[in-house]
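Throughout, numbering of the chain's residues begins at 1 and tracks the sequence. Hydrogens, waters and symmetry mates play no part in the numbers below; they use all other heavy atoms, side chains included. Quantities reported herein were computed from a predicted structural model and do not represent experimental measurements.
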Amino acid sequence: SIDIVVSVYNEEEGLRAFVEKTKEVLQNLNLRSCILLVNDGSSDNSVHIINELAKNSPVVKAIHLSRNFGHEAAMLAGIDHSNADALICLDADMQHPPDEIPAMVKKINEGFDIINMVRNDRDDGGFFRKITSALFYSIINRISPVKLEKNASDFFIISRKVIRILQKEYRERTRFLRGYTQIVGFRKTTLSYYADNRYAGKSKYSLSKLLILTTGAIVSFSKVPLYMGLVLGLLSAIMAIGVLVYSIVIKISGGAPPGYTTLIVFMSFMFAIQFFLIGILGLYIGYIFDENKKRPIYIVDNCIGFDNDKV
């Protein structure tokens, strides 16, 4: 059996086409399958479309969250409601092509527990999106002890044993699911795919949201930014000694040290470093604060299509 988990946020224009295409692919697989549509607080007509699809098709089930909790939280809600032998996460915009599902299932049947889908090319976002994506993976792989597959996305299939782990572990409030699937271990592999333009609508990931996701991923997978304080502190100490020696030499040689300019430049540099490090510490403390509050990752409003539909 296989579950398809789809995070839905304002996808009214292409949702029906996506579901029909996915159902068509699943029918050819001859497996017990289900499409879990997780409504992540949509404000358009997606809610009514999801309800209509769930009521008219036994293959489709609906999970409505009480508000917008974010893409990662919505995917986790779908994972938590899955009891299938395998689970696929993908987006509803057709950039994660449903046609790749048979190849993913084949790999699971070969004994793999995790298959990460890696983009070999993309039409969306243009040159800027490609460069920022490459830069992100380059940075995180340099500072993290765990190496992530370049161009991996929230498009993957996992076996039942991995589903159970994600249902019980890795429950941080700051999540990076595509990273979790690469660090849990087990037998894994990758498949490549081509990311076409969105079928309809526009991307829900603005530059600010991408920066937040990037920051969360770096904080979740690396402590290197904290160690920067030691390195910068050492460099500052060396510079301070240099300025001290320079001032003494000028004084002994009989000239008055320039003093003012040197002092202002040095102090400005030191304050910049201090505020930068305070900002990094504040970032980590903020994430620690969120974890200690233990607020729910998501809240379910209601479900449709499950044996025990509940609020």
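What you find for His81 and Cys303 is that their closest heavy atoms are NE2-SG, 4.0 Å. The two residues Asn28 and Glu24 come nearest to each other via the heavy atoms ND2-O, 3.3 Å. Closest approach of Ala54 and Ile304 over heavy atoms only: CB-CG2, 3.8 Å. Closest approach of Leu76 to Leu166, counting heavy atoms only: CD1-O, 3.9 Å. Of all heavy-atom pairs spanning Cys34 and Lys61, the tightest one is SG-CD, 3.4 Å. Listed here is the closest heavy atom pair of Val25 and Pro98: CG1-O, 3.5 Å.
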Asp80 vs Arg171, test: side chain to side chain contact (heavy atoms under 4.5 Å, CB included). Steps then yes/no.
CA-CA 11 Å; Asp80 288 346; Arg171 309 299 290 190; 2.8 Å; yes
Could you walk me through whether Leu26 and Ile35 pass the side chain to side chain contact (heavy atoms under 4.5 Å, CB included) check?
CA-CA 10 Å; Leu26 292 174; Ile35 302 173; 3.9 Å; yes
Begin from the C-alpha positions of Ser66 and Asp301 and carry the test side chain to side chain donor-acceptor pair (under 3.5 Å) through to its verdict.
CA-CA 5 Å; Ser66 62; Asp301 184 2; over 6 Å; no
Side chain to side chain contact (heavy atoms under 4.5 Å, CB included), that's the test. Do Asp113 and Lys188 meet it? Break it down for me.
CA-CA 6 Å; Asp113 293 299; Lys188 61 184 178 181; over 6 Å; no
Derivation of the side chain to side chain contact (heavy atoms under 4.5 Å, CB included) call for Val38 and Leu65:
CA-CA 7 Å; Val38 185; Leu65 303 187; 4.1 Å; yes
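Rounding to the nearest 0.5 angstrom, the gap separating the CG atom in Asn10 from the CG atom in Asp40 is 9.5 Å. The CD atom of Glu13 sits 9.5 Å away from the CD1 atom of Ile49 when rounded to the nearest 0.5 Å. Atoms CG and OH, on Leu191 and Tyr193 in that order, are 11.5 Å from each other to the nearest 0.5 Å. The NZ atom of Lys107 lies 11.5 Å from the CG atom of Asn109; values are rounded to the nearest 0.5 Å. One finds the CZ atom of Phe186 at 7.5 Å from the OG atom of Ser159 (value rounded to the nearest 0.5 Å). Taking CG of Asn39 as the start and NE2 of His64 as the end, the distance is 5.5 Å to the nearest 0.5 Å.
Taking 4.5 Å as the limit, every side-chain heavy atom of Ile157 sits out of range of all side-chain heavy atoms of Phe112. The shortest side-chain heavy-atom distance between Met94 and Lys21 falls under the 4.5 Å cut-off. Residues Ile115 and Phe156 have side chains not in contact (no heavy-atom distance under 4.5 Å, counting atoms from C-beta outward). For the pair Leu36/Phe306, a side-chain contact is recorded, criterion being any heavy-atom separation below 4.5 Å from C-beta on. Between Phe155 and Met104, some side-chain heavy-atom pair lies under the 4.5 Å cut-off. Side chains of Thr181 and Ile158 form a contact here, defined as non-hydrogen atoms less than 4.5 Å apart. Using a 4.5 Å cut-off on side-chain heavy atoms (C-beta onward), Ile2 and Leu87 make no contact. Contact check for Asp154 versus Met75: side-chain heavy atoms found under the 4.5 Å cut-off.
A donor-acceptor contact closer than 3.5 angstrom is absent between the side chains of Tyr180 and Glu72.
Of the possible polar contacts, one joining the Ser46 side chain to the Glu12 backbone as a donor-acceptor pair under 3.5 Å is found. Put simply, the side chain of His96 never gets that close to the backbone of Ala92: no donor and acceptor are under 3.5 Å apart. In this structure, Asp93 contributes its side chain and Gln95 its backbone to a donor-acceptor pair below 3.5 Å. Judged by distance alone, with hydrogens and angles left aside, the side-chain atoms of Thr22 form a donor-acceptor pair with the main-chain N or O of Phe18 at under 3.5 Å. Using a distance-only test at 3.5 Å, with no hydrogens or angles considered, no donor-acceptor pair links the side chain of Ser42 to the main chain of Asp44.
Using a cutoff of 4.0 Å between basic side-chain nitrogens and carboxylate oxygens, Arg160 and Asp3 are not scored as salt-bridged. Under 4.0 Å is where a charged nitrogen must lie from a carboxylate oxygen, and between Arg16 and Glu52 at least one such pair does.
When ring centroids are compared, Tyr9 and His71 stay outside the 6.0 Å threshold.
Neither Val47 nor Val6 shares a network with the other; the hydrophobic side chains, linked directly or stepwise wherever heavy atoms of I, L, V, M, F, W or Y lie under 4.5 Å apart, form separate groups for each.
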